[in-house]
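As structure tokens, the structure follows; a few thoughts come after it.
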Amino acid sequence: MKNDRLQWLQGPPAKCSSVPDSASIPAGSKGPWRLVLLGAPGVGKGTQAEYLTNRLGACHLSTGDVFRAASKRLDCDQSPAMKKALEFMRHGELVPDSTVWEMLRERGDCLLHCGGFILDGFPRTIAQAQSLQELLEEESLSLTAVVDYELPTAAIIQRLSGRRTCEACRAVFHVTERPSKGKSICDRCGGRLYQREDDQPASIKVRLDAYELSTTPLKEFYKQLGLLVPISAKGSPEDVLARTMRNLNQLNKVADVAARRIS
Ligand code: AP5
């Protein structure tokens with residue numbers, strides 16, 4: 001199943017042409033899956049979210065992608081808050097919580113959809129995590145798990161510096177680890193590959209510092225809620241996916257045993 005994420009990327013007036021429904025959840029899966037992917041910039045969250053979307057049928061919702069899509073719009077189509085947000089992003093700093101939350105509330109339907117979601121890049125601060133918890137509780141929904149990808153800083157910098165992204169379909173490549181067949185051309189759609197502005201060395205440092213300061217406290221937050229699943233992001237994307245699926249399936253089994261004990 002392929003979700004086009006149009007509604008997520010453009011906001012409420014856009015229609016999803018391929019929305020997930022409960023029938024599309026893969027056989028054997030306990031879905032809908034509602035996952036948060038944590039991990040430093042460049043650890044591979046977006047790459048894994050793509051794989052997990054195909055495996056679990058849930059929609060890949062990346063807050064960074066929404067900001068990047070907004071940056072492509074005409075100047076007159078950008079609100080003052082969005083212009084300010086893009087300025088923060090360019091420098092590698094976090095966008096203020098109020099702007100992120102406003103953007104997310106507009107897209108609340110994507111979070112409530114019966115197909116589930118894979119949140120990539122949100123939440124990033126304790127305030128964002130608390131707002132998300134409140135929204136889900138209001139709707140009697142809960143997260144399935146929070147996957148925390150771990151990788152040494154040197155490997156993260158290597159992944160970020162070599163990343164190339166398709167400007168048309170947003171597919172992600174790496175100059176040495178996942179090269180496209182045609183130089184600077186997307187294998188998937190033929191679009192042009194570019195290097196993200198915030199993947200320059202100065203912005204990478206700011207992003208890693210922001211992650212350390214604002215996002216690492218989320219690990220404790222989700223650990224206290226019993227949701228944190230730490231996973232090594234070493235190895236190929238396929239290795240990391242296999243590790244992730246093993247851990248998630250293990251969670252399912254534990255939940256099954258607990259449910260049987262209660263009934
Ligand atoms: P965002 O787009 O979320 O960026 P990020 O968190 O910095 O994460 P990245 O997209 O850089 O990395 P990734 O972990 O997805 O790695 P990827 O899979 O691409 O946010 C950008 C900005 O938006 C923020 O800085 C902030 O300004 C703003 N923003 C967004 N959300 C916000 C929020 N909630 N609050 C405030 N501000 C917010 O992989 C990286 C590279 O490695 C690729 O080249 C890939 O091919 C390669 N790779 C991946 N996996 C492997 C592997 N296993 N082996 C080898 N190579 C691999």
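In listed order, ligands and their atoms are each counted from 1.
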List, one per line, each side-chain donor-acceptor pair under 3.5 Å for residues 98-112, sequence neighbours excluded.
| from | atom 1 | to | atom 2 | distance (Å) |
| --- | --- | --- | --- | --- |
| R107 | NE | W8 | O | 2.4 |
| R107 | NH1 | M103 | O | 3.1 |

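- Sorted by chain then number, the residues whose non-hydrogen atoms approach ligand 1 to under 4.0 Å are A40, P41, G42, V43, G44, K45, G46, T47, T63, G64, F67, R68, M89, E93, L94, V95, V100, G121, F122, R124, Q128, R159, L160, R163, V172, F173, H174, E177, R178, R196, D198, R207, G235, S236, P237, V240.
- The side-chain contact (heavy atoms from CB on, under 4.5 Å) with L227 is formed by just one residue from the set T144, L35, V146; it is V146.
- Here the straight-line distance linking atom CZ of F67 with atom CG of L86 works out to 7.5 Å at 0.5 Å rounding.
- The CG atom of L208 sits 6.5 Å away from the CG atom of L160 when rounded to the nearest 0.5 Å.
- The side-chain hydrogen bond (donor to acceptor under 3.5 Å, both in side chains) search around K234 returns none, not counting sequence neighbours.
- Residue pairs meeting the salt bridge (charged side-chain N to carboxylate O under 4.0 Å, His left out) criterion with at least one member in residues 142-159, sequence neighbours excluded: D148-K219.
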